[in-house]
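Note on naming: letters A, B, ... go to the chains in the order of the sequence lines (proteins, then strands), and numbering restarts at 1 for each one. Small disclaimer: the values here were computed from a predicted structure and weren't measured.
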Amino acid sequence: MAPPPAASPGADYNPDRPNPDRPNPWVEVLVDCPQIQGLFTYAIPPHLPVAIGDILTVPFGHQQLGAIAIALPSAPPPDLSPSQIKAVIDIVNPGFFPRHYWDLLRQVAQYYCTPIMAVIRTALPPGLLGRSQRRIRLNAPAIPPDAEVFLRPAALQLLQLLRQSKTGEYSWRYLQQQMPTAQRGLPDLLQRGWVSSYLEPPSPPRPKQQKAVTLVRQPDPTEPLTERQRQLLASLGRSGGDLWLSHLLQQCHASSSIVTTLAKKGFVVIQERENLRSEAEHPLDRDQPKALSPHQAAALAYIQGLTQAQTVLLHGVTGSGKTEVYLQAIAPVLQRGQSALVLVPEIGLTPQLTDRFRQRFGSQVCVYHSALSDGERYDTWRQMLQGDPQVVIGTRSAVFAPLPHLGLVILDEEHDSSFKQSQPQPCYHARTVAQWRSQLAPCPLILGSATPALETWHQAFSDPREGHPPPSHYLSLPSRIYDRPQPQIRVIDMRQEFHCGNRSIFSRSLRNALETLRETGQQGLLFVPRRGHSTFVSCRSCGEALDCPHCDVSLSHHQPHGGARSLLRCHYCHYASVQPEQCPHCGSPYLKFFGSGTQRVTQELERHLPDLRWIRFDSDTTRTKGAHRALLTQFAQGEADILVGTQMLTKGIDLPQVTLVGVMAADGLFHLPDFRAGEQACQTLLQVAGRAGRGAEPGQVILQTYKPDHEVIAAVVRQGYGDYLAQELAQRSPLHYPPYSQLVLLRISSLEADRTAQVAEALGQFLTSRLPESVLLLGPAPAPILRVARRFRWHLLLKLCDPSLGLDWFPALELQQRCGPGVALTIDVDPLSLS
DNA sequence: AGCACGCCGACT
DNA sequence: GTCGGCGTGCTC
Ligand SMILES: [Zn+2]
Ligand SMILES: [Zn+2]
């Protein structure tokens, strides 16, 4: 490496005539504080090669924040005096982002009415945008023994609090939380020098630096080298001439002094290098591309013929081999030196799936999801930036994976609701963002599902209007692989069963089918639709249910392990408490515990079919980490005959030995107060039915219902999903529901009931004055569950009857400003759920 | 968002 | 008078 150029002592620093070697010494940044609009100018210290797109740490007010370098202006703003300009503290991450990456983020910000900084936050791995922390440290030697005498109460209390700390210090945040009067007590202690205050700088993840050894010269036999040295060089040569120092030493059982000597003699070089290790990969046996059915082959041929941005809807019935099409579509992408992005539902990211990709593509596969540690996520992210051809498999947020040469994007199970973010803004849908990525890259986008979302369907079959939305191409895989039949679906009218004197929750047909299961050694699933899905506790004396103290919902109880007292939990805010001795309303000690739907089913199984072995598979039994997977493995290994579960059963269970699927009461899916209820019910039933008969043995589905005439049931029986969607579309059109309109849900919440309602009202009034003609405002209305996690929630719903209008008129910023402190506003564009 | 500064009522 | 509360405005 060339030595740094020597500074010429005579050269005066002259801002008017910039040094050609160094670009302008100022940088305009966006600070990590979405509330603050606009750019801030900083000086670039000579030792930092700041470039546009870099992630920086800058001083801001009394703290240090993350920031993004946006521009390198030739001069600072004229209204800013040079003394006001502070210097950049550090470069956290050099920003060699792929072309169009910022365009993508801007597009997300604009469409979802979200400050660009909030979008950047979601796109970057967590922790990269750090901020400083103010900490207060005790200065013990300076404090006299009779300190108490001098101090007023607030200061004394603070001092005593600090004395509790093992390290003699606490973060200022923590102190303020512990005692509200901390603010008052601090100046006194600071003045006396008994405590000091300091800024702990942000600590973003750094790539792990490791020593690497590279062979630069082969020794010839005459060279005076020891045996150990020769061995080591030979070993290094066998490994391709390049190894991590630690690996080399381990391999040769040598000490580092040998390597140092070899470096001195000029045989090897030792360098510090980034070690971006992804998770430990056990090598898998490679598999070969499988033979395709004619439909698969046709779909693949179409996809491989694409050279431009193009959305493809791959509508493949359950068991039709979509994954094999994905795999074979990806292979040529990698061969061209490009990368592929595969997005899967949260629950679908199983070892089963990733192994399938690894078997085909080996170490070119990497997984990116929220369960990785911050460090692992950062390493993976950095690795993606390097641009080697690879397959990234991830959940929703992986749609922002910074892959420079993107050749293909796939959304598997594209109808899945986990692709939509609803919590912090931006409330983006990965499918929508993926379409933009596909256009910017440009590259094809495959949306795969057995039950495509109505929006996706509409896009594939509606008249292509002027580019908005981009029409997509429809590909169908209408039959299962190896010509396996679709499961036979039987609808059982439970009213009929009742008339015939069967009061059990199992129809005679289902009961028979369950009994045969034991004889044939096959397995079954029992699906319990969620409706009164969770447990609750109520008082036998006064009838009141035990409620969450922070939410307007009742608490669920969970089966104690080992006879301990029952644990009560809130599903909304994660409040937990031990079951009380008495009713908190009337003091009665007699409490009744109501079981969940799945619990009731397993109880009935015990009673009527005691020989059947079952596993309960619901949010209760899969709560702990890894339980989900463990239960599935148990089931797959035949440790039970039946899996009894809720919604979870519909996702990603691909077990060949399952031949029976029973739906306990489909009706629980219909009457939800949501315009998407029908669509979702149909998707759920088709998906769960599709779990049957995936192996050599044909499957059967027994669908119990009190409404056998319901249109959803009819569609499921006919396997006529497309017809159902056409029908649903016809219904939505006159009502101005999506996709014939665009919805925007404003969620307003705060800790105070009245204030929330007032702000909602005020925002509604303000919006009314700004409403374009084709836009309707509904509300304000309290959320279906008014209070969650101590916050009161109100909604405003905008209905854009002309979806091509867009949201350029929408005054997001002004609304945000009108909320005032303590009131949170979330703007959810295209909400999936209105609750 | 933090964190200053500054203005006002109610307690020593 | 000062203690303690909160509203307003700034951060390169
Ligand atoms: Zn009671
Ligand atoms: Zn709660």
message: For C570(A) and L555(A): C-alpha separation, side-chain torsions, deciding distance, then whether side chain to side chain contact (heavy atoms under 4.5 Å, CB included) applies.
response: CA-CA 5 Å; C570(A) 171; L555(A) 293 167; 3.7 Å; yes

Starting at [atom1] of [X] and ending at [atom2] of [N], how long is that distance when rounded to a whole Å?
X: R134(A); N: dT11(C); atom1: CZ; atom2: P; value: 19 Å
X: W172(A); N: dC3(B); atom1: CH2; atom2: C1'; value: 11 Å
X: I89(A); N: dC12(C); atom1: CD1; atom2: P; value: 10 Å
X: Q183(A); N: dG2(B); atom1: CD; atom2: C1'; value: 11 Å
X: R131(A); N: dA1(B); atom1: CZ; atom2: P; value: 10 Å
X: F60(A); N: dG2(B); atom1: CZ; atom2: P; value: 11 Å
X: R173(A); N: dA1(B); atom1: CZ; atom2: P; value: 11 Å
X: Q817(A); N: dT8(C); atom1: CD; atom2: P; value: 14 Å

task: Apply the ring-ring contact (aromatic ring centres under 6.0 Å, His included) test between Y111(A) and each candidate in W436(A), F810(A), Y428(A); give the one that qualifies.
output: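 Passing option: W436(A).
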
query: Taking the nucleotide of DNA chain C with the closest heavy atom to each, which residue, P821(A) or A154(A), is nearer the 5' end?
result: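 Per heavy-atom nearest nucleotide, the more 5' residue is A154(A).
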
Can you figure out which of [options] approaches the side chain of [X] most closely?
X: K86(A); options: dA4(B), dG2(B), dT11(C); value: dT11(C)
X: F40(A); options: dA4(B), dA1(B), dT11(C); value: dT11(C)
X: H62(A); options: dG2(B), dT11(C), dC3(B); value: dC3(B)

task: Give a yes or no answer on whether the side chain of E169(A) reaches the backbone of R135(A) with a donor-acceptor pair at less than 3.5 Å.
output: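 No.
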
Would you indicate what [X] reaches in the nucleic acid, counting non-hydrogen atoms under 4.0 angstrom: base, sugar-phosphate, or nothing?
X: P77(A); result: nothing
X: L80(A); result: base
X: Y42(A); result: sugar-phosphate
X: I36(A); result: base

message: Angle between ring planes, W381(A) versus Y378(A), binned at 30° and 60°: parallel, tilted or perpendicular?
response: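 W381(A) vs Y378(A) ring planes: parallel.
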
- prompt: So, do T395(A) and S418(A) sit near enough that their side-chain heavy atoms are less than 4.5 Å apart?
  reply: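 Not touching, per the 4.5 Å side-chain cut-off.
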
query: Between dT2(C) and R184(A), is there an OP1 or OP2 to side-chain N/O distance shorter than 4.0 Å?
result: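 Looking at the OP1 and OP2 atoms of dT2(C), neither is under 4.0 Å from any side-chain N or O of R184(A).
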
